[in-house]
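The chains referred to below are lettered A, B, ... by the order of the sequence lines, with proteins before strands, and numbering in each begins at 1. FYI, side chains are in, hydrogens and waters are out, and symmetry mates aren't considered; it's all heavy atoms of this structure.
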There are 2 protein chains.
Amino acid sequence: MDDIDRTLIGLLQQDATQSYATLGTAVGLSSGAAHERVRKLRERGVIRRTTVDVDPVAVGRGVLAYVMIDGTTWMGDTQQALAAIPEIEEAHVIAGPASLLVKVRATTTQDLQLILRKLFDIHGVAKTQTIVALETFFERPVHIPTPPGADGPIPG
Amino acid sequence: MDDIDRTLIGLLQQDATQSYATLGTAVGLSSGAAHERVRKLRERGVIRRTTVDVDPVAVGRGVLAYVMIDGTTWMGDTQQALAAIPEIEEAHVIAGPASLLVKVRATTTQDLQLILRKLFDIHGVAKTQTIVALETFFERPVHIPTPPGADGPIPG
DNA sequence: CGTGAAATTAAGCCCCT
DNA sequence: AGGGGCTTAATTTCACG
């Protein structure tokens with residue numbers, strides 16, 4: 001994982017449709033070398049997958065909310081129960097004013113209400129606090145940091 | 001935007017490297033027809049871009065936090081001030097216990113501290129409450145809903 | 001559907017260890 | 001000597017009009 005790899009990742013985040021020849025030129029390598037580097041980044045799991053970024057509003061998911069969930073002890077299947085609700089985009093165990101935080105995209109506020117009801121059906125869920133997003137300034141990919149000095153493997 | 005389009009979007013979310021021939025087969029269309037549909041989805045902005053999903057830990061961003069920001073009136077350049085901090089992945093205006101919510105990925109907790117300090121430097125920021133994610137159950141793409149009946153354009 | 005570009009693989013070379 | 005990474009080149013597949 002050197003600077004060239006990081007640059008390649010950044011370029012692919014911006015546009016994963018460009019050719020390896022283009023990528024190679026951008027980092028001063030041949031098409032083949034760029035291809036090989038990207039292949040290894042995928043192999044190592046640094047690049048998890050190539051995907052498309054979809055406009056939530058355009059597919060009818062205009063309502064964004066974060067729900068903080070308070071509850072008792074979590075069963076082992078809490079994660080599955082959350083994953084079973086397709087409108088939940090993220091789920092995290094948190095330290096702070098609650099024990100779980102989930103990101104929800106609903107079609108309407110009525111739909112959001114329905115999803116909250118589903119959350120309460122999960123065993124252990126006692127209380128929720130919902131934060132509705134009124135406007136999204138931006139949502140963007142992970143920023144690739146520049147490591148201080150070394151070129152070695154990054155912790156993780 | 002019909003069922004075929006939605007299926008195509010779902011397939012591309014899973015793997016945007018597959019060929020149009022494969023996509024076409026999956027939805028019962030020719031390669032060319034699938035290609036044309038995807039092209040239009042891009043044109044309409046339903047598909048914003050093709051990108052790569054990067055493992056945050058593998059690139060040295062193992063600390064995830066959400067920061068709720070309380071403050072006075074927001075200047076027009078609040079959005080720019082937030083966007084200028086690369087560690088901020090999302091920024092939303094919210095209804096609820098604060099006025100802004102941002103998603104932050106830091107390399108270490110020390111780094112997180114630094115970013116919080118940067119937030120306070122933004123004009124209008126009075127108080128922050130930080131939620132640290134201890135474990136992420138999952139993070140996944142927007143779910144494409146199946147509309148009730150019609151095949152018409154979706155609100156948005 | 002054909003044409004041209006791009007992905008992908010193979011072979012050979014150089015540098016660093 | 002050996003390994004890794006690069007370039008070049010050949011082959012196959014795919015994008016796209």
Which protein N or O atoms sit under 3.5 Å from an N or O of nucleotides 10-17 of chain C?
none

Distance-only donor-acceptor pairs under 3.5 Å for side chains of residues 96-103 of chain B, two or more places apart:
| unit_1 | atom_1 | unit_2 | atom_2 | d |
| --- | --- | --- | --- | --- |
| B:Ser99 | OG | B:Ile69 | O | 3.1 |
| B:Lys103 | NZ | A:Glu90 | OE1 | 3.4 |
| B:Lys103 | NZ | A:Glu90 | OE2 | 2.7 |
| B:Lys103 | NZ | B:Glu139 | OE2 | 3.1 |

Is [X] salt-bridged to [Y], cutoff N-O under 4.0 Å?
X        : Y        : result
B:Asp121 : B:Lys118 : no
B:Arg39  : B:Glu36  : yes
A:Glu89  : A:Arg105 : yes
B:Asp2   : B:Arg37  : yes

Would you please test B:Arg49 and A:Thr17 for side chain to side chain donor-acceptor pair (under 3.5 Å) and show each step? CA-CA 9 Å; B:Arg49 61 171 166 180; A:Thr17 67; over 6 Å; no
Just by distance, no angles: are the side chains of B:Ser19 and B:Thr22 close enough, under 3.5 Å, to form a donor-acceptor pair? yes
Please check if any side-chain donor atom of B:Arg61 sits under 3.5 Å from a side-chain acceptor atom of A:His143, or the reverse. yes
Please give me every residue in residues 39-54 of chain A whose heavy atoms get under 4.0 Å of an atom in DNA chain D, ordered by residue number. A:Lys40
Below 3.5 Å between N/O atoms, which protein atoms pair up with nucleotides 5-7 of chain C? Just atom names and distances, please.
| unit_1 | atom_1 | unit_2 | atom_2 | d |
| --- | --- | --- | --- | --- |
| C:dA7 | OP2 | A:Tyr20 | N | 3.2 |

Yes or no on side chain to side chain contact (heavy atoms under 4.5 Å, CB included) for B:Asp15 and B:Leu11, after CA distance, side-chain angles and deciding distance? CA-CA 6 Å; B:Asp15 177 12; B:Leu11 290 169; over 6 Å; no
For A:His35, the ring pair (Phe, Tyr, Trp, His ring centres under 6.0 Å) test, sequence neighbours excluded, returns A:Tyr20
For a quick test of reading the model, state the closest non-hydrogen atom pair linking B:Val54 to A:Arg48 and the distance between them. O-NH1, 3.8 Å
Taking all atoms of both residues into account, what is the closest heavy-atom pair of A:Ala65 and A:Thr130, and its distance? CB-CG2, 4.0 Å
Does anyone know the first and last nucleotide of DNA chain D in reach of chain A, 5' to 3', at under 4.0 angstrom to a heavy atom? D:dG5 to D:dT8
